[in-house]
Amino acid sequence: MSVLASAKGNVPLLEARDISASYGHVQALKPTSLHIAEGELVTILGPNGAGKTTLMRALTRLTASKGNVFFRGEEITGLSTPRLARRGIVMVQEGRGLFPQMTVRENLVIGAYLHPAETDTQMASAFELFPRLKERLDQSAGSLSGGEQQMLAIGRALMAKPQLLMLDEPSLGLAPRVASEILGTLRELNRRGIGILLVEQKAPLALKLAQRVYVIALGKIVAELKTDEIKSHHDLARYYLH
Amino acid sequence: MTSHVTTSIEPSGIRWQSILPIVAVLALAGLGLVSSDYIVTVLGFAFIYAIFCTGLNFFMGYTGQASFGQSAFAAIGGYGSAILCTDYGWEPLLALLATMVLSGIAAVLVGYPTLRLRGHYLAMATFALGLIVYEITIEWTALTQGYMGYSGIPPLGIAGFALDTLKHQLVALVVLSLIGVGIAARLRQSRFGRALASIAGSESAAQALGVDIARYKLIAFVIAALYASAAGSLFAHFVGFISPEIYGTTMVIQSFAMLYLGGIGTMWGPMIGAIIVSILPEALRGLKEMQDIAYTAVLIFILIFAPRGLAGLSVLFRRAHGRVQEKA
Amino acid sequence: MYKRHLLVAAAMTVMALSGEVRAAETFKIGSSVGLTGYAAVIDRAWRDGLAVAADALNEKGGILGKKIEIITEDNKSQPQDAVVGYRKMISSDQVNLFDSGCVSAGNFAAAAFVMQAKLPMYLCSILPQRDNEQEWAFSFLAPPKFEIEARYRYIKEKTSIRKVGILYDPTPYALMMKGLGEQLAKDFGLEVVAQETYKPDDADMTVQLGRINAAGGGAVVKIGQGGSTVTAAKNIKQLGLDKMLLLSSNDDGSIFQQAGQVLDDRFFFVAPPVQLPKQLKPGPAKDAVDAFLKYWKPKYPDRDPANSARAWDSMMVLAKAAEIAKSTDGKALRDATQKVPSYVGAYATFNFSEKQHVGITENPFLIGKFANGELVVAE
């Protein structure tokens with residue numbers, strides 16, 4: 001804390017120190033530290049079962065975790081998921097976590113749960129980003145295509161006015177063109193000043209997008225790379241192949 | 001992709017949708033008022049159950065949780081009203097409100113620890129609650145008179161004005177149940193209602209959007225308990241007699257049938273279900289021993305053709321209506 | 001769409017009800033019985049007893065020249081269903097009188113509005129609790145003390161046991177009987193050393209029986225009906241309590257058979273004469289039993305007659321009341337029932353009067369046992 005306070009100008013948006021999580025006796029996430037700077041887009045890369053989702057769930061307290069977490073220098077360790085959302089930490093889960101029976105409109109309105117007065121303005125800015133959602137407003141979320149569902153999931157998260165948006169594999173199950181379209185909007189969001197932590201399996205897409213990459217394997221972060229330092233994808237490959 | 005149709009007719013469609021059920025309920029009540037006491041009794045029970053189910057719908061429909069123990073709060077309402085009115089001469093309406101408060105407190109005390117449980121654990125815990133209260137009504141004979149039951153409970157009254165005839169009471173029950181549905185509808189369309197719906201949709205997504213799910217589950221549970229308590233009190237006043245069997249597992253099973261038949265999670269589903277499930281056996285009474293079989297067959301038939309309950313059929317109605325409008 | 005459903009259902013109901021033909025030449029008896037649920041065994045017997053009696057009376061011209069029609073409504077042993085059934089029988093069937101089964105909560109729930117409709121209720125169960133309701137109700141159930149006294153007398157006169165344990169279930173009738181069991185013991189020189197309760201569907205009572213034994217109880221006075229009696233008999237045997245006697249409440253003969261096969265000569269039961277007809281001595285009681293069995297046996301050769309005999313007796317009392325009343329009006333029938341002279345029936349003797357609405361005033365019970373595959377009087 002004291003270190004952070006002294007370097008006020010350089011306080012990271014989010015910092016996790018030695019965060020770990022277990023399911024029963026299995027330690028799915030070994031003590032791991034990471035940070036995201038203000039306005040940064042960071043990707044967590046790693047193979048299936050490496051602990052990416054667990055890390056995201058640990059950070060948002062959907063899974064009980066150990067270790068300390070700071071948000072803009074303030075300790076937020078142990079705060080519940082809804083309280084983190086109040087601070088501006090919003091996650092889009094793997095599988096999108098939509099309310100399939102509800103309409104697109106209802107999904108979005110619930111997204112603005114914490115800011116009911118700004119529902120209309122937030123919705124307007126979501127439509128700006130995803131015009132398709134406006135056409136589908138009274139359709140049930142479950143009846144949307146995969147890409148549209150992902151748009152809705154991100155749009156709904158934006159309704160909550162995030163400072164830090166976490167996304168767990170948003171490209172999962174999408175056609176490459178749709179996936180890159182959606183990841184492209186993330187860059188736009190990042191440009192608007194929202195910090196983004198992205199879990200991704202598709203390395204090429206992630207590298208194109210992110211400023212920095214954490215590589216996770218066997219439940220812990222094994223490398224931290226700046227994307228401009230990576231000459232070729234072969235550098236990454238070795239982390240996948242041990 | 002019929003969404004465009006639905007959108008285009010929304011304003012007039014919504015008005016139709018909300019007024020027609022009220023008209024239907026009033027028509028049914030009117031029919032009851034010109035019929036015998038037998039019909040009035042059947043309808044009275046239907047509207048009491050409608051209140052019970054409308055409350056349960058908050059917890060099971062809107063919030064997507066399971067409770068098998070709501071009869072416990074009906075028992076608190078029923079026995080509370082019986083004891084307060086019979087032994088202490090309270091005004092029925094006052095006793096009804098007082099026991100609702102008591103049920104609300106009980107729901108907080110019970111709900112706080114149990115609502116941390118999920119799925120079938122929660123179901124088991126609430127089921128145990130129902131059984132425990134049932135046992136208390138049997139065993140604590142000094143208070144409840146056990147199996148002997150509590151008799152001589154005065155009819156419902158308003159400001160010292162007793163509703164002496166069954167028909168007067170039916171009117172009161174219809175009004176109260178419509179108020180109950182109205183409150184439920186208002187809450188459902190509020191921020192609170194949306195929060196409950198998000199819990200039913202996905203607990204983790206709701207949390208990620210800032211919904212404090214533990215708190216909302218508890219509130220939904222308490223609301224369901226308040227409705228159940230009111231229904232229990234109304235039952236006591238309507239019949240004038242209660243005994244443990246009334247608030248037993250039969251009540252739970254009955255209310256589930258009503259919820260699923262009418263359409264769980266819908267606004268009018270609980271009331272529709274309560275009315276159908278109450279009237280149907282009477283319509284089939286002439287079949288004697290075959291009554292139960294025919295009744296069950298009709299229930300299964302309805303659930304096959306309207307798996308989301310009868311209220312779900314209103315979607316068909318809305319679509320047909322929309323098509324007509326489009327042509328015109 | 002669903003509104004149409006509602007209206008159709010409502011219309012069906014109304015039609016079903018208004019379709020009932022009200023014939024002036026029939027005498028209608030309404031009966032609310034639990035054909036399913038906990039009361040099913042007794043109430044089916046009650047219903048069949050009523051039907052047999054109606055056949056017998058109709059052969060002789062019915063009641064005041066009117067043919068008897070019995071309308072039974074199943075209350076599923078639930079008070080709420082009973083309320084609906086009673087209402088239906090009053091307003092749709094317009095019955096002249098009720099002769100209902102043993103679901104006491106159902107009868108109690110209806111008592112207030114049956115009284116308002118000025119209709120007498122003959123009951124298989126105990127009377128409702130409130131005085132003004134009792135004025136219209138007549139119970140054909142033996143007061144609980146008789147079952148206790150019959151057993152205590154037997155223990156006192158035929159055994160050397162002086163310490164007994166009571167095993168009871170929490171039904172109203174059983175609770176009353178248990179209270180009397182405590183009070184009456186000393187009149188017979190007995191001491192109640194243990195009182196243990198059970199639920200009618202308990203599958204094991206070894207704990208309760210063990211406690212009775214530990215307290216020195218040499219005989220178990222069991223209060224409550226059904227399969228629990230057989231369970232108690234089996235548990236006594238399992239525990240190796242080879243001196244302990246089991247004395248059961250009155251019940252269906254099949255229960256006595258089963259319990260008797262387990263405990264042999266250590267099992268006893270309370271029975272009205274009609275359950276042990278072979279050893280009856282000639283007299284008015286035997287005549288009444290024979291009159292009933294003449295109609296009962298051909299129809300139900302293998303069924304226990306006890307509760308049906310009680311229903312039969314209620315119908316015979318009604319026939320006598322109607323002769324006195326010379327009217328089928330509810331109030332007239334109520335008043336006349338109070339004037340029926342002492343009637344010796346197949347189950348017991350009934351002495352109704354204005355003050356006495358529980359008809360059985362003399363202990364009708366014998367003590368029976370199981371011997372050589374048969375139920376016989378225990379000497």
Side-chain angles (χ1 to χ4, degrees), chain A residues 53 56-57 59-63 80-117 119 135-144 152-153 156-162 165-168, chain B residues 1-11 13-14 17 60-64 115-116 118 187-219 263-267 269 307-309 311-312 315 318-319 322:
Chain A
T53 297
M56 295 289 251
R57 292 179 63 91
L59 286 172
T60 51
R61 295 291 294 176
L62 283 171
T63 297
S80 67
T81 315
R83 289 195 165 268
L84 294 175
R86 264 169 215 277
R87 302 270 180 129
I89 302 174
V90 179
M91 174 157 97
V92 176
Q93 307 171 64
E94 187 182 357
R96 296 151 199 147
L98 292 176
F99 310 128
Q101 311 280 354
M102 293 184 218
T103 63
V104 169
R105 186 201 305 272
E106 286 165 335
N107 268 279
L108 290 173
V109 172
I110 291 173
Y113 170 77
L114 290 174
H115 314 281
T119 307
E135 294 165 24
R136 300 275 184 261
L137 213 47
D138 289 298
Q139 218 170 306
S140 74
S143 71
L144 300 179
L152 177 57
R156 190 181 66 183
L158 291 177
M159 301 292 289
K161 295 177 69 180
L165 184 61
M166 299 193 193
L167 301 107
D168 193 355
Chain B
M1 299 280 157
T2 51
S3 64
H4 310 291
V5 180
T6 320
T7 322
S8 67
I9 59 126
E10 194 105 79
I14 276 179
Q17 284 294 49
M60 291 190 55
Y62 299 168
T63 322
L115 291 177
R116 285 154 196 277
R118 281 189 181 205
L187 285 175
R188 191 199 171 149
Q189 279 145 21
S190 70
R191 180 165 176 260
F192 166 73
R194 286 193 291 274
L196 297 188
S198 72
I199 295 171
S202 157
E203 290 196 8
S204 56
Q207 282 180 298
L209 295 168
V211 177
D212 186 344
I213 61 169
R215 193 166 132 242
Y216 279 111
K217 278 189 203 171
L218 184 61
I219 297 173
I264 190 163
T266 63
M267 186 168 123
R308 287 200 195 164
V315 176
R318 204 186 329 183
R319 281 198 193 137

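Order of the sequence lines fixes the chain letters, A, B, ..., with proteins taken first and strands second; residue numbering starts at 1 for each chain.
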At a 4.5 Å cut-off on heavy atoms, which part of B:A200 comes close to chain A: side chain, backbone, both, or neither? neither
So for B:R308, is it side chain, backbone, both, or neither that comes closer than 4.5 Å to the heavy atoms of chain A? side chain
[X] versus [Y], closest heavy-atom pair with distance:
X: B:R194; Y: A:I110; value: O-CD1, 3.5 Å
X: A:Y113; Y: B:L209; value: CD2-O, 4.0 Å
X: A:M91; Y: B:A208; value: O-CB, 3.7 Å
X: B:A205; Y: A:F99; value: CB-CE2, 4.0 Å

In terms of heavy-atom proximity below 4.5 Å to chain B, should [X] be classed as side chain, backbone, both, or neither?
X: A:L62; result: side chain
X: A:M166; result: neither
X: A:R156; result: both

State the CZ-OG1 distance between B:R191 and A:T119, to the nearest 0.5 angstrom. 9.0 Å
Nearest-0.5 Å distance that lies between atom CD in A:Q93 and atom OG in B:S202: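 Here the interatomic distance stands at 5.0 Å.
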Using a 4.5 angstrom heavy-atom cutoff, name the option from A:V109, A:T60, A:L137 with the most pairs to chain B.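 Of the options given, most contacts go to A:V109.
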